Amino acid sequence: MDYQFTEVEKKWQEYWRQNKVYKVDIDSGKPKYYVLDMFPYPSGAGLHVGHPLGYIASDIVARYKRLKGFNVLHPMGYDAYGLPAEQYAIQTGTHPMITTDKNIARYREQLDKIGFSYDWDREVKTCDPAYYKWTQWTFIQLFHSWYNRDTERAEPIEKLIAIFETEGNANVNAASGDINHFSAEQWLQMTEKQRQQYLMPYRLAYIDDTIVNWCPALGTVLANDEVSEGLSIRGGYPVERKSMKQWLLRITAYADRLLDGLETIDWSDSIKEIQRNWIGKSVGGTLRFAIRDTELEIEVFTTRPDTVFGASFMVLAPEHEVVGQITAEAQLAEVEEYIRRTKNRSERERMTEVKKVSGVFTGAYAFNPFTEQPIPIWIADYVLMGYGTGAIMAVPAHDSRDFAFARYFQLPIIQVITQKDEEPTDTAFWETSYDAKEGIAVNSGFINGMDVMDAISAVVTEAEKKGIGTAKINYRLRDAIFSRQRYWGEPFPVYYKDGMPYTLSENELPLELPAIDAFLPTETGEPPLARAENWKTKEGYPLETNTMPGFAGSSGYYLRYMDPQNNHQYFSKEAVHYWKNVDLYIGGAEHATGHLIYARFWNMFLYDLGLAIKPEPFKKLINQGMIQGRSNLVYRINPEKMAEYVLWEELRDKKLGVEFFQEFKSGSRRFDFYAPEVRLIIEIKRQQALDKLATAYEQWAKEQDYTLLLIPIRDFLDQREQIVQRIKDAIAGKEVEAFVEKESIENFPAFVSKNIAGREQYSDPINVDISLVHNDILDIEAFKKWQPHLADARFVLEDGKYICGYEVEKMSKSKFNVQNPDELIDRYGADTLRIYEMFLGPIEQSKPWDTQGIEGVFRFIRKLWRLFHNDQHTFSLSDETPTDKEWRVLHKTIRKVEDDIERYSFNTAVSAFMIGVNELTELKCNKRQILEPFIILISPYAPHIAEELWHLCGHEDTVVKQTFPVCDERYLIQQSVVYPVSFNGKTRFKIELPADIETNEIESAVLAHQETKRWTEGKQVRKIIVIPQRIINIVVG
RNA sequence: GCCCGGAUGGCGGAAUAGGUAGACGCGCUGGUCUCAAAAACCAGUGAGGUAAAACUCGUGCCGGUUCGAUCCCGGCUCCGGGCACCA
């Protein structure tokens, strides 16, 4: 019997489950290793082959690390809150929990079939009250914390209150919103409500008014990328820019630590770069500009204080508060009109119109604080209220946007920086600004001659001395909006008293999601939770009706896995001190600015609280590439085009003796072909069309003295020779009937195989379900049954086969190219699937899914099986001592596979296994001492066959718990080396030499070789380069 | 516009330290076995060139460094991803 993968795989999956082989507990005697997959959102579609790619890689590492003696934590769970289940609930009334549980069951079934080594006792679901209790708990901690900039960490709000009570808030250095100063006395005299109001801007979870994209029809707030031109992408409903009270998390407090932390973790440069951009730190200073004839000042933020002498105007964001106070009477109408125009456009739309320059002069002037010159103040929407101070000093000579603006409105451009060793030039002739942060200050008073970097700090120092500015760092990062007007999410553990939010006490957690009658917002636009009956505390205070966003539950899940059943704590001290943080995290790159940044923030906060013990949650991150779909195409024939093409092939190049032309026009009539020599017209049309037209056409042709042939398309299917014969007769001048009437037949679809000549010209590609295609050959019978209208389909074949085309595109239902892992497991088994997914290429690279190659892996698995079996298919191992060659194969493979797994090069390890099996097959090796270690070696990749073979070898225990074989260098030492000998870098021949001889011996051996003479003849040997064990190069000339 | 990746046979890819380019697999061609097919096995397979060899060319393009470059440097082209009036 050949290898029976279906039974074998089922048997061992059952065995592993029953014996809880993958269950893991704290074991201080062993080093720990934590391998984590980004847990999935269980969608209704189930897994396709792209999902398990990362899971397989992490599973290989987990199994490998176990064999290497590590205690491996390898859990899995579900990111169970998500829009699809809620959307489905809105449409059907099915509770999202029911949908979600169903989908989870399906996911679990699929995952189990692949043979993953998860410890399922640690499974978490974010929608499980026992889990989200701790999401809510963390929110409470955030609410009761503030960020102390002096200590650079989160601290309890009580400590802040204690400071307020003794000295007010003047000396508090906190990451906070806008605050007014108050004294201890004022604090003590405040009402409870006032105190709460003053505390709010300090909290790490706080409520604030935020401008959001509110969509009344959907009853929710949309993200910027869910809105296009004022309409929701989904549904096309109007979206308003609206100020709403929302919960926010003060992630900005951690901006610097999030940035610095990137230096300490092993993530790809691209993800780190994305996060750096997202945080968007810029270092500079603020400067205050006095406004002429008023007491007012405008503060600007700039990264280039060194260019202040070149600031020739100012620009404010249209919504800047000072605009109303400074606009001159004469400019009022224009300014108001401009503000109205820009107001309703979202930030995103403003950004997309980058190229257009627009703006209006306010009529007011400010004084440049260094040159003391008055400069005009403009408003323009290229200045954003949301960044810096909403105002800039414009330095057109050294900022490209200011330059464009100045040119457009003809404002002065003053050069204040020159490149090294260059003289200033007339800016009137500049085509672009000089933006680089390199050069020497000129026309700049006291900083003249300084280099840019020195000039920056000199100006900041001077500004501080004069009291008109300070050094300042700005971030692009915004606080995270934490409220969603949705049902399917974690309820906030918050109630309102006297209009102020308070948190529930910890013993009231979890606050469970209530039942509601419909999953929609209320008529008054309140979130769905407002429908819940009795949605208030015991005391009768109303509870928060928003729910938390998707990233709430996924931000700390890796910590919960460490101690998932703990009812008293998020996770125990003992657990976190043992498991620490994630050693290897695998998942998609699409979470770069979402989950991966929130989770780092969440972890840092818990670190400040002393709960997490590492500042960074994920030491090493791998982003698996996307698996793209490989669609198959069939080519549907356009019958008229095809008939024309086929006939033209018969007529062209005087094949029938006379010259034909395509497209003959006579008056308003058009015909397909015309031979002027014999006045012969040929027209191809559908039978039905000809039935109607034939008489009129014939009449016309007679009048004009043309010979006419009307050929129905259907004739091209089976009467091609007759057609040609009729044309020949017509050419020969015989009487030929223009149109032979026939019974009309039903239309049927027809398809042409890919490589039939002319196919491109008369067919249209159509996606066909990939399950009907094997190695690009269409299963015609299955295809006919695929859709009802294909039942009578006809085919133009090549070599008796229908060959499909293909295209690489996104895997999606509509392209019929979704490859589902279950099907492949049924056909080839899980081990083959696992190895094939790894074999496709480097884990981080995107690649198309192509089932063709899987056969090769399947062959490899059976070849491995045959190593252990004789010709009669009976298991047979020999206890003889292996030969050196056999040892060498084993140890070479150990070395290669170990190296490859350690550097996550899974595809090359698969090659190494194949080479190993090929070589052992060649050696006809069935020796226990070689093959048993080989089983262990391959078990991370192909756990099922490995377990089966391990037991066949007579072992009672599981292969999972063995020790990874150790490479013994002795077997790798070569007696001799085959050196490639090259002349001037081109390899010419090879020479085998003993491995241990000296360089000069190698040289003389090579020079003595007779091939050498051929290449040195008539030339001089100038140099011999010998790289021991590698190559010999002889320079001649 | 800016930032980050990438480009190697018909296809997926390999070459870990500047040292035999194309490992391994797919596909294709021919063969063995078979009544036949499947499976399996064997041989060949970068391009040009040749009866076969020799030889020439060849890692997106142009140039450089080097005894030697897929790898390092300079300048481009194309593809993928991210960011985008961020002061």
Side-chain angles (χ1 to χ4, degrees), chain A residues 2 268-278 280-282 284 300-304 307 315 347-348 350-357 380-384 386-395 398-402 404-405 474-477 589-590 592-593 625-626 630 775-776 806 835-836 839-842 844-857 859-860 862-863 866 896 899-900 902-903 905 907-915 918 921 978-990 1014 1022-1027 1029-1037:
Chain A
D2 211 350
S268 74
D269 289 339
S270 79
I271 294 273
K272 285 188 185 181
E273 198 57 31
I274 290 169
Q275 293 213 344
R276 276 189 207 109
N277 288 340
W278 194 254
K281 179 177 184 172
S282 42
V300 303
F301 171 73
T302 176
T303 57
R304 296 296 300 276
T307 63
V315 187
E347 274 200 12
R348 179 159 280 250
R350 282 165 58 169
M351 288 170 194
T352 52
E353 290 173 15
V354 175
K355 297 281 136 61
K356 275 193 222 156
V357 177
D381 65 1
Y382 83 88
V383 176
L384 303 175
Y387 186 78
T389 61
I392 61 159
M393 63 174 203
V395 185
H398 304 291
D399 180 283
S400 51
R401 293 150 310 175
D402 297 345
F405 195 83
N474 237 308
Y475 298 91
R476 203 183 73 99
L477 186 71
E590 66 274 19
T593 51
M626 278 226 308
R630 185 183 188 276
N775 295 347
D776 287 342
Y806 69 90
I835 293 179
Y836 185 55
F839 190 54
L840 277 174
E844 302 202 66
Q845 206 167 297
S846 285
K847 53 234 154 189
W849 178 259
D850 182 356
T851 323
Q852 282 185 26
I854 202 170
E855 300 273 350
V857 173
R859 264 170 229 157
F860 159 74
R862 283 179 298 165
K863 206 163 171 181
R866 281 201 302 275
K896 175 77 178 147
D899 280 3
D900 285 352
E902 292 284 357
R903 64 194 175 95
S905 176
N907 55 326
T908 51
V910 174
S911 295
F913 287 129
M914 289 176 168
I915 293 168
N918 286 346
T921 304
V978 176
Y979 281 98
V981 181
S982 52
F983 293 83
N984 294 341
K986 280 183 202 279
T987 308
R988 297 301 181 181
F989 63 91
K990 283 164 195 169
R1014 205 174 131 207
R1022 299 196 183 274
K1023 202 171 173 186
I1024 303 179
I1025 293 132
V1026 176
I1027 311 293
Q1029 316 292 317
R1030 287 253 185 211
I1031 198 172
I1032 299 160
N1033 189 23
I1034 298 168
V1035 187
V1036 295

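Below, chains carry the letters A, B, ... as their sequence lines are ordered, and counting in each starts from 1. These numbers come from the heavy atoms of this one structure, side chains and all, not from hydrogens, waters or symmetry mates. The structure displayed is predicted, hence computed values, not measured ones.
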What does A:Lys281 touch in the nucleic acid at a heavy-atom separation under 4.0 angstrom: a base, only the sugar-phosphate, or nothing? nothing

Of the options B:rA87, B:rU56, B:rC86, whose atoms approach the side-chain atoms of A:Arg988 most closely? B:rU56

Syn or anti for B:rG9, with syn set at within 90° of 0? syn

Ignoring the backbone of A:Asp900, work out which of B:rC24, B:rU16, B:rA21 is nearest its side chain. B:rU16

Note: A:Met393 and A:Arg304 closest approach over all heavy atoms is CE-O, 3.6 Å

Is A:Ser905 reaching over with its side chain to a backbone N or O of A:Asp900, donor-acceptor style, under 3.5 angstrom? no

Is A:Arg276 touching bases, backbone alone, or none of the nucleic acid, heavy atoms closer than 4.0 Å? nothing

Using Watson-Crick or G-U wobble geometry with both distances below 3.5 Å, tell me the partner of B:rU32, or none. B:rA40

In terms of heavy-atom contacts, A:Thr389 and A:Val300 come closest through OG1-CA, 3.4 Å

Atom C1', compared across B:rG80 and B:rC86: separation rounded to whole Å: 26 Å

Say we look at B:rA53 and B:rU45: how far apart would their P atoms be, to the nearest angstrom? 10 Å

Which part of the nucleic acid, if any, lies within contact of A:Ile274, taking any heavy atom under 4.0 Å across all strands shown: a base, the sugar-phosphate backbone alone, or nothing? sugar-phosphate

Watson-Crick/G-U partner (both atom distances under 3.5 Å) of B:rG48: B:rC55

Quick one: does any side-chain atom of A:Tyr979 pair with a main-chain N or O of A:Gln1029 as donor and acceptor, under 3.5 Å? yes

Specify the separation, in whole Å, of atom NZ of A:Lys1023 and atom P of B:rU66. 11 Å

With rounding to whole Å, what would you report as the distance between B:rC24 and B:rG9 at their C1' atoms? 14 Å

Per the atom types in the model, does the base of B:rC83 pair as donor or acceptor with the side chain of A:Asn277 at under 3.5 Å? no

Ignoring the backbone of A:Tyr387, work out which of B:rU56, B:rA15, B:rA87 is nearest its side chain. B:rA87

Heavy atoms under 4.0 Å, any strand shown: does A:Glu855 hit a base, just sugar-phosphate, or nothing? nothing

Inter-nucleotide C1' distance (B:rA15, B:rC61), Å rounded: 23 Å

Less than 4.0 angstrom between a side-chain N/O of A:Arg866 and OP1 or OP2 of B:rC41, yes or no? yes

Specify whether A:Phe405 and A:Tyr382 have parallel, tilted or perpendicular ring planes, treating 30° as the upper limit for parallel and 60° as the lower limit for perpendicular. tilted

Assert: residue with more 5' nearest nucleotide on RNA chain B, out of A:Lys990 and A:Val1035, is A:Lys990

So A:Ile1025, base contact, sugar-phosphate only, or nothing? Heavy-atom distance under 4.0 Å. base

What is the nucleic acid contact for A:Asn918, judged by heavy atoms within less than 4.0 Å: base, sugar-phosphate only, or nothing? sugar-phosphate

B:rU16 pairs with, by Watson-Crick or G-U criteria that keep both distances under 3.5 Å: none

Distance, P atom - from B:rA54 to B:rC79, rounded to whole angstrom: 40 Å

So what does A:Pro842 hit on the nucleic acid, given a heavy-atom distance under 4.0 Å: a base, only sugar-phosphate, or nothing? sugar-phosphate

Starting at the 5' end of RNA chain B, which residue's closest nucleotide do you reach first, A:Ser282 or A:Thr908? A:Thr908

Assign A:Arg862 to base, sugar-phosphate, or nothing according to its heavy-atom contacts below 4.0 angstrom with the strands shown. sugar-phosphate

Can you identify which nucleotide, out of B:rC41, B:rA15, B:rG19, has its nearest atom closest to the A:Arg903 side chain? B:rA15

Which of B:rC41, B:rG12, B:rG19 is nearest the side chain of A:Arg1030? It is B:rG19

Tell me whether the side-chain N/O atoms of A:Gln845 come closer than 4.0 Å to OP1 or OP2 in B:rG6. no

Under a 3.5 Å distance rule, please check whether A:Asn474 uses its side chain to pair with a backbone N or O of A:Ser282 as donor and acceptor. no

How would you label the contact of A:Asn907 with the nucleic acid (heavy atoms, under 4.0 Å): base, sugar-phosphate, or nothing? sugar-phosphate

Going by atom types alone, do A:Asn1033 and A:Lys1023 pair a side-chain donor with an acceptor below 3.5 Å? no

Which whole number of Å gives the distance between the C1' atom of B:rG64 and that of B:rA69? 11 Å

In Watson-Crick or G-U wobble terms, both distances under 3.5 Å, what is the partner of B:rG10? B:rC26

Tell me the interatomic distance from A:Ile1024, atom CD1, to B:rG19, atom C1', rounded to whole angstroms. 16 Å

With a 3.5 angstrom cut-off on both distances, give the Watson-Crick or G-U wobble partner of B:rC61, or none if there isn't one. B:rG75

Classify the nucleic acid contact of A:Leu840 as base, sugar-phosphate or nothing, counting any heavy atom under 4.0 Å across all strands shown. sugar-phosphate

A:Trp849 vs A:Tyr836 aromatic rings, parallel, tilted or perpendicular, using cut-offs 30° and 60°? perpendicular

Report which part of the nucleic acid A:Lys272 touches: base, sugar-phosphate, or nothing (heavy-atom distance under 4.0 Å, all strands). nothing

Would you indicate which nucleotide in B:rA87, B:rC41, B:rC67 comes nearest to any side-chain atom of A:Thr302? B:rA87

Does B:rG80 have a Watson-Crick or wobble mate here (both distances under 3.5 Å), and if so which one? B:rC4

Could you measure between the two C1' atoms, the one in B:rA21 and the one in B:rG13, and give it in whole Å? 13 Å

Mind checking who B:rA21 pairs with, Watson-Crick or G-U wobble, both distances under 3.5 Å? none

Using atom C1' in both nucleotides, what's the gap between B:rG68 and B:rA52 to the nearest angstrom? 31 Å

Rounding to an integer number of Å, can you tell me how far A:Asp850 CG sits from B:rG12 P? 9 Å

In this structure, how many angstroms lie between the P atom of B:rG6 and the CE atom of A:Met626, rounded? 18 Å

Please say whether more than 12 non-hydrogen atoms of neighbouring residues, nucleotides or ligands are located less than 6.0 Å from CZ in A:Arg1030. no

B:rC86, OP1 or OP2 - any side-chain N/O from A:Arg401 closer than 4.0 Å? yes

Of the listed nucleotides B:rC24, B:rC83, B:rC67, the one nearest the side chain of A:Trp278: B:rC83

By the 4.0 Å heavy-atom rule, please label A:Asp399 as base, sugar-phosphate, or nothing. nothing

Taking B:rC24, B:rA87, B:rA21 as options, the one with an atom nearest any side-chain atom of A:Phe301 is B:rA87

For B:rC86, take OP1 and OP2 only and decide whether either is under 4.0 Å from a side-chain N or O of A:Arg304. no

